[in-house]
> 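Below are the structure tokens for one structure; questions will follow.
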2 protein chains.
Amino acid sequence: MYSLVEENYLKALFALSKDIGSVSVNDLSKHLDIKMPTVTSMMKKMAAKKLVAYESYKPLKLTEKGKKEAALIIRKHRLTEMYLVEKMGFGWEEVHNIAEQIEHIKSPELFTKMDELLDYPKFDPHGAPIPDINGEMEWKAYSKLSECKAGEKVRMAAVINTSDGFLEFLNSREIRLGLKIKIMSVEPFDNTMVVRYKKHDQESLSHTVCERLLVEKV
Amino acid sequence: MYSLVEENYLKALFALSKDIGSVSVNDLSKHLDIKMPTVTSMMKKMAAKKLVAYESYKPLKLTEKGKKEAALIIRKHRLTEMYLVEKMGFGWEEVHNIAEQIEHIKSPELFTKMDELLDYPKFDPHGAPIPDINGEMEWKAYSKLSECKAGEKVRMAAVINTSDGFLEFLNSREIRLGLKIKIMSVEPFDNTMVVRYKKHDQESLSHTVCERLLVEKV
DNA sequence: GTAAAAAGTTAGATTAGACTAACAAATTAG
DNA sequence: CTAATTTGTTAGTCTAATCTAACTTTTTAC
Ligand SMILES: [Mn+2]
Ligand SMILES: [Mn+2]
Ligand SMILES: [Mn+2]
Ligand SMILES: [Mn+2]
């Protein structure tokens, strides 16, 4: 059984090393807002537990065991978020902080029950995949809205940034997962997009926003 | 905001001092399975925070502030137990350990939502009262089943001991809260009761069991 | 009313997880 | 290719929460 602190290191290592397979002490330190010497010493401790492959001055890598443990915590986080939205009526902007705490609850039964009651969901309220009980998970090949071209029709699949502020912005424009969007035009100067959906005939979305929206082409 | 450890001391102080208004360092130490010197030093720390009235060699007392904080944690515990039973389908013998963890979650919204979804319950699945948002709570004047006499008719109101084993025993006899029971006879030698309810024509309940069942006379 | 036992406190050590200061290695810039 | 900058490590300190050993106060037994 791992401590809450170790679990948070595992999640951070997993998230930051997802792309290139490793992460620097510096980046991990900044992400966790914990000073580098503390991170170094924790990495040695986690290496002793076979969660991390640690060598001095080398980038940090999770072991297979570390990846699986991380995925199981992420599973608990995302199941919780889904449960809070679907069964308790919270908004998608309200659930992250609660899930950050509940993900550390030690009770396989609680999460199995959530999974059953939700009928084994594959995605969380932000479109992120929920790992299965073995820690297996797969991101679908979504595109960023910002990479799409004028004239294309797409469906909202996931949000990258899940800060309250961003999600509240999306709420204010009635943008949610599953929504079908037509790209009317793209301003060449600053890449602002004008899009059409539902009763929104011409909604302007900044590049900053479009970069954070993942879509499926339809 | 109090630490998880402080919250557990508050709950233990509240539970153990309920009857006589105070508790010894020794009893608290045994209940928490923490050595006496540790308890003494924690009591000094909690006294500095005005949660406990501490004087050397005197029994420990919670302050009004301490009592209120304790009651608010108990509120979260009991709301959680009720939520797990009523909304998630857990048995009353399964929920205590999960609630021991969830009671420490920092999210007023989560517990307000549980309260709403449960329609503001007054009692938890074991018949214990749920404190209101101000920490106010009142035990009704129940009797122990063991104190009742042959011929009386009673209704199951609460269980005192909530260990898995005891609750599973009650499950096996189909004894639950609200059940109407008629006391057929009491064996004078060992106080074993023979009772009648539902399809159970003559069920024998030992004194040990009857002492742990709280009933309302009807 | 003393002596033994129980309860409570003090002092000092330990562990997890954090920090700062100082130093070392690796990377980047000119 | 050297020098500056950035990144990473080592050493030592701190706090919260625990412990054991030794001592003191209170309670209980005779
Ligand atoms: Mn989240
Ligand atoms: Mn999410
Ligand atoms: Mn309980
Ligand atoms: Mn209960």
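Computation of the quantities below employed the complete heavy-atom set of this structure, encompassing side-chain atoms and omitting hydrogens, waters and symmetry-equivalent molecules. So that the names make sense, note that chain A is the first sequence line, chain B the second, and so on, each numbered from 1.
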> What pairs of residues pass the side chain to side chain donor-acceptor pair (under 3.5 Å) test when at least one of them lies in residues 125-150 of chain A, not counting sequence neighbours?
A:E81-A:H126
> Below 3.5 Å is the cut-off: list the nitrogen or oxygen pairs between protein and nucleotides 23-26 of chain D, distance only.
residue	atom	partner	partner atom	Å
D:dT25	O4'	B:Y57	OH	3.4

> Give each protein N/O atom lying under 3.5 Å from an N/O atom of nucleotides 18-21 of chain C, with the pair distance.
residue	atom	partner	partner atom	Å
C:dA18	OP2	A:Y9	OH	3.4
C:dC19	OP2	A:K35	N	2.9
C:dC19	OP2	A:T38	OG1	3.0

> Kindly indicate whether the side chain of B:I183, heavy atoms from C-beta on, has any atom under 4.5 Å from the side chain of B:V194.
no
> Applying side chain to side chain donor-acceptor pair (under 3.5 Å), which residue pairs with at least one partner in residues 46-60 of chain A are found, sequence neighbours left out?
A:E6-A:K49
> Using OP1 and OP2 only, check whether a side-chain N or O of A:T40 sits under 4.0 Å from D:dG8.
no
> By side-chain hydrogen bond (donor to acceptor under 3.5 Å, both in side chains), which residues pair with A:E7, not counting sequence neighbours?
A:H104, A:K106
> Residues two or more places apart in sequence or in another chain: which of them pass side-chain hydrogen bond (donor to acceptor under 3.5 Å, both in side chains) with A:T192?
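Once residues adjacent in sequence are excluded, the partners of A:T192 under the side-chain hydrogen bond (donor to acceptor under 3.5 Å, both in side chains) criterion are A:D190.
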> Could you list by number each residue of residues 20-29 of chain A showing a heavy-atom separation from DNA chain D of less than 4.0 Å, or answer none if no residue does?
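Under 4.0 Å from DNA chain D: A:S24, A:V25, A:N26.
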> Mind checking if A:K44 touches a base, just sugar-phosphate, or nothing, with heavy atoms under 4.0 Å?
sugar-phosphate
> Does a donor on one side chain sit under 3.5 Å from an acceptor on the other, for B:N171 and B:W92?
yes
> Round to the nearest Å and state the distance from A:L60 atom CG to D:dG8 atom P.
8 Å
> Measure CE/A:M46 against C1'/C:dA16 and give the value in whole Å, please.
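In whole Å, C:dA16 C1' and A:M46 CE are 14 Å from each other.
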> Using whole Å, what does the distance between atom C1' of nucleotide C:dT15 and atom CD of A:E6 come to?
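Rounded to whole Å, this separation is 13 Å.
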> If you look only at pairs with a residue in residues 108-119 of chain B, which of them pass as a salt bridge (charged side-chain N to carboxylate O under 4.0 Å, His left out), with sequence neighbours excluded?
B:R75-B:D115
> Any salt bridge (charged side-chain N to carboxylate O under 4.0 Å, His left out) involving residues 154-163 of chain B? Give me the pairs, sequence neighbours left out, ordered by first then second residue.
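Sorted result for residues 154-163 of chain B: B:R155-B:E216.
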> Sequence neighbours left out, what passes ring-ring contact (aromatic ring centres under 6.0 Å, His included) with A:H96? Give chain and number order.
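By the ring-ring contact (aromatic ring centres under 6.0 Å, His included) rule, A:H96 matches A:H77.
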> Under the side chain to side chain donor-acceptor pair (under 3.5 Å) rule, what pairs show up with a residue in residues 28-42 of chain B, not counting sequence neighbours?
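Qualifying pairs: B:N26-B:K30.
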> Output all residues satisfying side-chain hydrogen bond (donor to acceptor under 3.5 Å, both in side chains) with A:Y83, sequence neighbours left out; order by chain, then residue number.
B:Y83
